[in-house]
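Structure first, then comments.
Along the sequence shown, residues are numbered consecutively beginning with 1.
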Amino acid sequence: MMIRNGHGNPAPEQALSRRSVRVWCDGCYDMVHYGHSNQLRQARAMGDYLIVGVHTDEEISRHKGPPVFTQEERYKMVRAIKWVDEIVPGAPYVTTLETLDKYNCDFCVHGNDITLTVDGKDTYEEVKNAGRYRECQRTQGVSTTDLVGRMLLMTKAHHSVANNEATQDFRRHQDNFGKDARGRSPWTGVSQFLQTSQKIMQFASGKEPQPGDCIIYVAGAFDLFHIGHIDFLEKVHSLSEKPYIIVGLHFDQEVNHYKRKNYPIMNIHERTLSVLACRYVSEVVIGAPYSVTSDLLDHFKVSYRVQAK
């Protein structure tokens, strides 16, 4: 299955016909996942230009505890999300009118979950009171807590294949979660992700290869899409002036066959959204074969096949 990707920017004539609406988002963006990307996608759709403030390690440690990734890694991860136009390193933990005015932003956007300071105060109280706050829907079924839980508990319940012994415990609880947005995981208490064609289309803008494009094929698990993946795809992107990068994603059972244990941590549907959110990626092949054949390369008219060392 192929999913074409794109950036979804407005046409130039649309941008020039009215005053540009500038939107502000901020956060820790630690262990960036498709839930973060979906928040930024929704925020970008509310305006024309999205600025994302990312907190420092020091600020996060003070209010929440130490982050997993360094601030430089988190800055780079957010920059790579295709709906982000600009980032502000070292953004303050509490969002103020001064910050919005400094970056000429009309309003800020946050998910429908409250964020508190170490003192228990709403970090968006000031902008809410001023009417410069908008809310977007939190992505059901994913959180950093849930991902960490999957790694620590060594469960395979999140895999898309249910016909094996590893999912027996999962089956006992399947009536409790995974059927709608109210379902909860018995291990982490977090709602389980439900893939829909609508969600895929929201992430994939359908960019077609153009004459002169250099079509490059890469494949792998791309599990827990992280800074190493970003570095790799950025290097692949730099191989040509007009790159069109196709990412082949292996099915869960294929990944588990060569990585063992409880890998992949994210199932094929989650990994699809994670990769589609990356600005360097043009198209995703869901369920790509492990062995890359000449027929596959000919089918996609691939100029180069790139593999990480």
Side-chain angles (χ1 to χ4, degrees), residues 3-9 25-41 43-44 50-57 60 67-91 139 142 144 147-148 151 203-205 207 214-250 255 259 263-286 288 304-309:
I3 301 292
R4 288 196 172 90
N5 206 5
H7 297 263
N9 290 328
C25 282
D26 55 31
C28 305
Y29 300 102
D30 194 23
M31 289 186 67
V32 171
H33 50 69
Y34 63 91
H36 294 122
S37 300
N38 194 37
Q39 181 229 352
L40 297 176
R41 179 192 65 80
R44 180 65 169 75
L50 176 61
I51 302 176
V52 181
V54 184
H55 309 318
T56 63
D57 297 343
I60 297 172
V68 175
F69 288 94
T70 68
Q71 58 197 42
E72 294 302 326
E73 291 171 325
R74 292 183 288 107
Y75 298 158
K76 190 165 189 175
M77 285 296 296
V78 175
R79 281 193 189 99
I81 297 173
K82 66 183 179 182
W83 296 287
V84 175
D85 295 296
E86 179 182 339
I87 78 153
V88 175
T139 304
V142 66
T144 302
L147 295 177
V148 171
M151 291 185 280
F203 272 58
S205 303
K207 179 186 175 185
C214 179
I215 300 177
I216 305 172
Y217 182 78
V218 302
F222 291 90
D223 194 20
L224 286 174
F225 199 70
H226 53 69
I227 190 68
H229 297 132
I230 294 297
D231 287 341
F232 170 67
L233 291 171
E234 185 179 31
K235 289 176 182 176
V236 172
H237 194 270
S238 68
L239 294 176
S240 172
E241 290 184 2
K242 295 184 64 180
Y244 186 92
I245 300 175
I246 300 175
V247 175
L249 290 178
H250 301 148
V255 177
K259 296 193 76 172
Y263 294 106
I265 301 302
M266 284 183 161
N267 65 44
I268 184 67
H269 308 299
E270 298 172 309
R271 291 184 284 120
T272 296
L273 296 187
S274 298
V275 174
L276 282 173
C278 179
R279 66 172 66 251
Y280 304 122
V281 175
S282 301
E283 184 171 316
V284 170
V285 180
I286 301 174
Y304 300 106
R305 176 200 171 193
V306 180
Q307 186 172 343
K309 292 182 179 180

Nearest-0.5 Å distance that lies between atom CD1 in I51 and atom CD1 in I87: 11.5 Å
Side-chain touch Y29/H36, heavy atoms, less than 4.5 angstrom: yes
Separation of D85 CG from K82 NZ (nearest 0.5 Å): 13.0 Å
Note, P243 side chain near V236 side chain (heavy atom, < 4.5 Å): no
Considering all heavy atoms, the nearest I245-L233 contact: CD1-O, 4.0 Å
Donor-acceptor pair, side chain of Y304 and main chain of C214, under 3.5 angstrom: no
L273 side chain reached by S37 side chain, heavy atoms, under 4.5 Å: no
Gap between atom CZ of F69 and atom SG of C28 - 0.5 Å precision: 13.5 Å
Value rounded to 0.5 Å, distance of CG in D57 from CD in E72: 8.5 Å
Parallel, tilted or perpendicular, as decided by the 30° and 60° cut-offs, for the rings of W83 and F203: perpendicular
Nearest atoms (heavy-atom pairs only) where Q39 meets C25: NE2-SG, 3.7 Å
Point-to-point distance, once rounded to the nearest 0.5 Å, from OG1 of T56 to OH of Y75: 6.0 Å
Point-to-point distance, once rounded to the nearest 0.5 Å, from CE of M77 to NE2 of H33: 10.5 Å
Stepwise side chain to side chain contact (heavy atoms under 4.5 Å, CB included) test for I81 and R44: CA-CA 11 Å; I81 297 173; R44 180 65 169 75; over 6 Å; no
Taking every non-hydrogen atom, the tightest pair across H55 and A91: ND1-O, 3.0 Å
Heavy-atom closest pair, residues D223 and H229: O-CE1, 3.1 Å
Set of side-chain contact (heavy atoms from CB on, under 4.5 Å) partners for S274, sequence neighbours left out: Y34, F225, M266
Minimum-distance pair of heavy atoms, taken over all atoms of D30 and T144: O-OG1, 3.6 Å
Shortest non-hydrogen contact from I227 toward E73: CD1-O, 3.7 Å
Under 3.5 Å: donor-acceptor pair, side chain of R279, backbone of R79: yes
Partner set under side-chain contact (heavy atoms from CB on, under 4.5 Å) for K235, not counting sequence neighbours: none
Residue F232 excluded, over 12 heavy atoms near CZ under 6.0 Å: yes
